[in-house]
Amino acid sequence: MIARAVEGEPQAFNLLVVKYQNMAYSVAYRMLHDADAAADVVQDSFIKAFRALENFQGGNFRSWLMRIVVNTCYDVLRAQQRRATDSLDDLLVDHDHVPSLVDRAESPESYAERMELNRFLETAIQALPPQQRLVLVLCDIHGYAYEEIAEIADLPMGTVKSRISRARMRLRDYLLNKPELLPAAFRP
Amino acid sequence: MSLSRHPQITEELLSAYLDNVVTEEERSLVEAAIAADPAIAWQVHSLRATVQLLQELPPLALPRSFSIEAVIADAQASKAVAATETSPFAVQNRTASRSATVPQVNWWQWLQQIWQGGNLYLRNAAAVALTLLVVLFVSEQFVVTDQPARQQNSIISQIAVTSSSVSANPTVAPPTATAAPDIMANSGGDAADTAANGAATERVTTVTVAKQAPAESSHQNDTASPTPTASLRIVPHRAPQEDTEALDGSAGQFAQPETAESVSEMRTTTDGGPRSDMASSIQAQHAPSATQDELAVKASSSHDSENATPASLAASNEVVTATSTETITGTVSGTVILTISGPATGTLPITASTAVTTMADQPQQMETRSARDEVTTEIDGSTSWLLWAQMVTALVTVVLGTLWWRSRE
């Protein structure tokens, strides 16, 4: 399918979009913590990827695509830092809402607890610095290998390892602020 | 950071141990530290639980589909004609639920979007054709309006005046051709070209009176009446069909499209004060040329004064003579319109002269005024060439513009 898309078959690229859009949106959302901004980044990234297909020289297409998404996210973050203003839209957004899928087999109590834990976990992820947040999301949420993360983030392997370890430590320490939500493994 | 009791056990090593990216030696070292130190064990277990929580996070719900069929279709269309640019944030991929408003596009941006779309080569070619069409229309006006200025600097009138006193028999002297004019000034060849494509150019020849002793008269009387004047004016123009009639009263025949015609209008105006009789004649003669037989001359005449009697008009391929004998008072003017049809190119010199003989209140006095003028009218086909060029350019502009507009779709 990747080869057909590179050759110029338009429907093949759309199939790639369907395959990777969930992952792309997940990374973008957790990087930006803004559903609209994440959607724009993903859309823009797929369009950039389509137009840059001629430059794809083989290899890991998923990593190549995610690199485009990550770079676009960094562009947005830099722009947000430059603006550093609050908009009315931000005031209206429910930051406690996490657009997670609903498991209909789950009991209401479990669902409530899980949703609370998930919200807390998302908050903890957002508390991380962007560089640590990225490697943590790629490694622990989406299962990328160290080599792939190094290629996506354009980092040396040692830097990837150190950032992942620091991110996990920091996240764990943040979660320990609410031990009642955590499983028993967190208790010493 | 390393744990104090086991300095070789670092956070990075523990994290790598969780991801199973350590060597066998490092694995043994970590497992030995876990067994020996509860703190290291808790570190490993808590980190593993943290990773597990992250892995168990549910997938996020997509706000919409991110397929880019519109962009792909646009890219395909662009490859077919030309590369066009579209905004990465195509409106087609936005759902109606978005609260973002569509930015308003002013008329200038709208023009820019139209101008930048489609095949650029077709667009530029259509623009060049349109510019050429405008130039052709503008140049036609300059060619027409420029000629009167050129002609005014070139034509010099000829003046010839004779006068004679009458004999005891007060008869009206028949109109005669003028004597050799004292002053002859012929227009230069390069400046005598008369526009035959529609603009009227007027050159007024004014006659001044100079009295001369008559050859046969025995009496000479000075004229006590106001100085009569006669003027000849040749106005080349393209007369409309309705105004030109042949001698027999039927509609004039005009040149076929493959020929051109030159129309000259010669007007005579006389103002001799109170008169009892006046005779005027207009003669127009074109010089013999190699294509003389191909020329056709038609003439019509009219008088502006109610007091004038209709003039008899005779025309041939060489000479048109309009003769009228009339009693006038005040000013009378007559017009002879010559329509000369000939081949598409060539020059045609026309010589016109008018003689007005008037009589003062006393029959013994008679004065003759005459004027003569020459003009060279050029019969050419420049008008038809310009018209064809305009038509062809307009057709090319329409075709190219239509192709460019369709390429934008």
Side-chain angles (χ1 to χ4, degrees), chain A residues 8 10-11 13-14 17-18 21-26 29-30 35-36 38-40 42-48 50-51 89 98-103 114 117-118 121-122 125 136-137 139-141 143 145-146 158 161-162 164-169 171-172 175-176 182-188, chain B residues 1 10-22 38-39 41-79 83 85-90 92-95 97-100:
Chain A
Q11 294 307 321
F13 187 83
N14 265 334
V17 170
V18 172
Q21 60 182 357
N22 290 73
M23 180 180 60
Y25 179 76
S26 173
Y29 177 81
R30 292 190 167 99
D36 290 339
D40 289 342
V42 171
Q43 186 74 81
D44 195 15
S45 299
F46 279 126
I47 293 173
K48 290 179 182 178
F50 174 73
R51 291 177 175 170
D89 292 338
V98 176
S100 304
L101 296 177
V102 177
D103 184 3
R114 184 173 68 82
L117 177 59
N118 289 340
L121 193 54
E122 294 285 353
I125 294 173
L136 185 73
V137 169
C139 181
D140 292 336
I141 297 180
Y146 284 13
K161 291 181 179 180
S162 65
I164 288 176
S165 65
R166 287 201 296 270
R168 287 170 175 169
M169 291 289 181
L171 187 67
R172 181 202 59 192
L175 293 176
L176 290 174
L182 300 176
F186 281 89
R187 301 187 181 87
Chain B
M1 184 180 79
T10 62
E11 291 176 352
E12 291 181 21
L13 181 58
L14 294 178
S15 181
Y17 170 78
L18 293 175
D19 294 327
N20 200 22
V21 291
V22 293
W42 179 82
Q43 291 280 349
V44 172
H45 295 321
S46 62
L47 287 176
R48 181 178 285 121
T50 302
V51 172
Q52 189 171 358
L53 285 177
L54 292 171
Q55 293 173 348
E56 291 175 353
L57 275 174
L60 299 176
L62 290 177
R64 65 173 190 265
S65 172
F66 295 101
S67 61
I68 55 174
E69 285 104 351
V71 175
I72 294 174
D74 183 69
Q76 285 185 315
S78 299
K79 287 181 181 180
E85 291 185 1
T86 58
S87 171
F89 300 97
Q92 293 88 343
N93 290 326
R94 301 272 173 103
T95 61
S97 61
R98 292 214 51 176
S99 60

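Proteins get letters first, then strands, A, B, ... in listed order; numbering begins at 1 in each.
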Are any non-hydrogen side-chain atoms of B/L57 and A/I125 less than 4.5 angstrom apart?
yes
B/L54 vs A/R168, side chain to side chain contact (heavy atoms under 4.5 Å, CB included): CA-CA, chis, key distance, verdict:
CA-CA 10 Å; B/L54 292 171; A/R168 287 170 175 169; 5.6 Å; no
Search all heavy atoms of A/R30 against all heavy atoms of B/P58 and return the closest pair with its distance.
NH2-O, 3.9 Å
Least distance between heavy atoms, B/L60 atom then A/S26 atom:
CD1-CA, 3.8 Å
Would you please name every residue forming a side chain to side chain donor-acceptor pair (under 3.5 Å) with A/N22, sequence neighbours left out?
none
For chain B, the option from A/L121, A/I141, A/V137 that forms the most heavy-atom pairs under 4.5 Å
A/L121
Given heavy-atom pairs under 4.5 angstrom as the criterion, report whether the side chain, backbone, both or neither of B/L13 touches chain A.
neither
Supply the atom-to-atom distance B/F66 CZ to A/N14 CG, rounded to the nearest 0.5 angstrom.
13.0 Å
For a 4.5 angstrom cut-off between non-hydrogen side-chain atoms, does A/Y25 reach B/P63?
yes
Value for CD (A/Q43) from OG (B/S67), rounded to nearest 0.5 Å, stands at 7.5 Å
Are A/L117 and B/E56 close enough that some pair of their side-chain heavy atoms sits under 4.5 Å apart?
no
Find the distance between CG (A/D140) and CG (B/D19) and round it off to the nearest 0.5 Å.
6.5 Å
Side-chain contact test, heavy atoms from C-beta onward, threshold under 4.5 Å: evaluate it for A/K161 versus B/S15 and give yes or no.
no
Run the numbers on B/L53 and A/L175 for side chain to side chain contact (heavy atoms under 4.5 Å, CB included), then give the verdict.
CA-CA 11 Å; B/L53 285 177; A/L175 293 176; 4.1 Å; yes
Calculate, to the nearest 0.5 Å, the distance between atoms CZ and CD belonging to B/R64 and A/Q21 respectively.
10.0 Å
